[in-house]
Amino acid sequence: MPLALITGASAGIGRCFAEALARRGYDLILVARSTARIEALGRELSERHQVRAEAWTADLASDAGREDVAARIAALPRLDLLVNNAGFATTGKLQKIPLGPQMDMLRVHVMTPMRLCHAALPRMVEHGAGAIINVSSIAGFLFGPGNVNYSATKAYLTSFSLGLDTEVRSAGVRVQALCPGFTHTEIHTEMPHIKRQIPAWMWGKAEHVVETSLRQLERNGAVICVPGLLNKVLWRVLTMIPRGLRGTLAVRRKRSSG
Ligand SMILES: NC(=O)c1ccc[n+]([C@@H]2O[C@H](COP(=O)([O-])OP(=O)(O)OC[C@H]3O[C@@H](n4cnc5c(N)ncnc54)[C@H](OP(=O)(O)O)[C@@H]3O)[C@@H](O)[C@H]2O)c1
């Protein structure tokens, strides 16, 4: 049976990855802080799909949690798929919001995926097979007030994935930067205004994000995966606008909308 490790498997997109991969016959390692949730999900998926599931509790914002997961990955005889999905969002101008969560964001969105790729890759390259999905965001192509650290961490993750692909593709390892748009999950629970501000037609389902990602990976598609037609159009348009101008337009839009 192939083996997949998913960070942030207790909710949202990560939970959907666990379900979709169990349906495909993967054994699972589920990583998150909420032990009870990943243990319950593991039991449920084991019973339903006859796969094996382990729960590894870890706070990936802490050096100890990240290093523990990295060491356990390095000790695995084989890992077929690593899904670096754990993440969270905040809102507000950088100068006005608490520093702690912004530092944690760098640890969870930047340091952890890089560290876990570093731990997983030697075995994947040795076997000449394996895949890594880094869950980035369409926000990584955007510049605008109110979300700068989130966007910047996701820009890193997309750029990191594109570069990593050039290093490992010839060794048989595939890398994907998954860049969803607004998706119904728990990430916006603490930010109800986002749900009010963003029109309903801009929101997608986590199941669709995950199926698009896995299908693109299975057919050995492009490194960047943007689920949903609307998001694809937005992404194409954004990448045609010079980077400097993208920020200026966002500020003008914000001013004109008050
Ligand atoms: N939803 C969207 O609109 C959207 C759009 C683009 C990209 N994304 C990206 O998709 C990924 C998944 O987000 P989601 O929308 O599915 O959010 P979610 O429903 O809130 O799930 C986030 C997951 O990350 C885990 N996590 C958060 N901080 C962690 C930490 N310090 N250590 C370990 N695990 C941690 C959470 O588990 P515990 O709380 O149990 O630790 C949870 O399983 C994120 O990287 C996010 O940036 C989301």
Side-chain angles (χ1 to χ4, degrees), residues 5-20 28-42 55-70 82-91 100-116 133-142 147 149-158 160-161 176-192 194-195 197-200 202-210 212-213 224-228 230-231 234-235:
L5 182 146
I6 304 147
T7 69
S10 61
I13 293 171
R15 185 185 166 100
C16 283
F17 264 113
E19 289 167 350
L28 301 168
I29 298 171
L30 308 173
V31 182
R33 290 168 300 185
S34 320
T35 309
R37 290 181 90 178
I38 49 176
E39 283 183 351
L41 178 63
W56 292 2
T57 306
D59 180 355
L60 298 169
S62 78
D63 289 347
R66 184 184 322 111
E67 285 309 313
D68 178 50
V69 174
L82 168 65
V83 185
N84 279 311
N85 163 79
F88 63 98
T90 58
T91 180
Q102 302 310 311
M103 299 297 282
D104 281 350
M105 193 175 276
L106 290 170
R107 296 185 187 105
V108 177
H109 293 183
V110 174
M111 288 172 68
T112 295
M114 183 277 290
R115 181 67 187 94
L116 301 192
I133 297 173
N134 290 320
V135 183
S136 182
S137 170
I138 202 158
F141 302 106
L142 289 159
N147 209 11
N149 196 36
Y150 183 86
S151 292
T153 60
K154 295 302 185 177
Y156 166 88
L157 207 43
T158 302
F160 173 74
S161 306
Q176 181 184 96
L178 173 60
C179 301
F182 288 106
T183 309
H184 292 292
T185 66
E186 296 179 14
I187 204 167
H188 302 107
T189 307
E190 311 277 299
M191 296 178 273
I194 303 271
K195 291 252 170 181
Q197 282 167 2
I198 308 297
M202 287 193 74
W203 291 82
K205 288 192 173 150
E207 290 80 3
H208 175 255
V209 167
V210 167
T212 307
S213 163
I224 294 181
C225 175
V226 180
L230 180 77
N231 292 320
L234 179 64
W235 166 51

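Numbering of ligands and ligand atoms starts at 1, following listing order.
The immediate protein surroundings of ligand 1, defined as residues with any heavy atom under 4.0 Å of it, consist of Gly8, Ala9, Ser10, Ala11, Gly12, Ile13, Ala32, Arg33, Ser34, Ala58, Asp59, Leu60, Ala61, Asn85, Ala86, Gly87, Val108, Val135, Ser136, Ser137, Tyr150, Lys154, Pro180, Gly181, Phe182, Thr183, Thr185, Glu186, Ile187, His188.
Dense packing is recorded around NZ of Lys195, with more than 12 heavy atoms of other residues, nucleotides or ligands lying under 6.0 Å away. When the shell of 6.0 Å around CE of Met103 is examined, it contains 12 or fewer heavy atoms from other residues, nucleotides or ligands.
Ile194 is listed as a side-chain neighbour of Phe182, based on a closest heavy-atom distance under 4.5 Å. Proximity of Ile38 to Val31: side-chain heavy atoms (C-beta onward) are nowhere separated by under 4.5 Å.
Listed for the Ser136 side chain is no donor-acceptor partner under 3.5 Å among the backbone atoms of Ala177.
Note: Trp235 and Phe141 have tilted aromatic rings, judged against thresholds of 30 and 60 degrees for the angle between ring planes.
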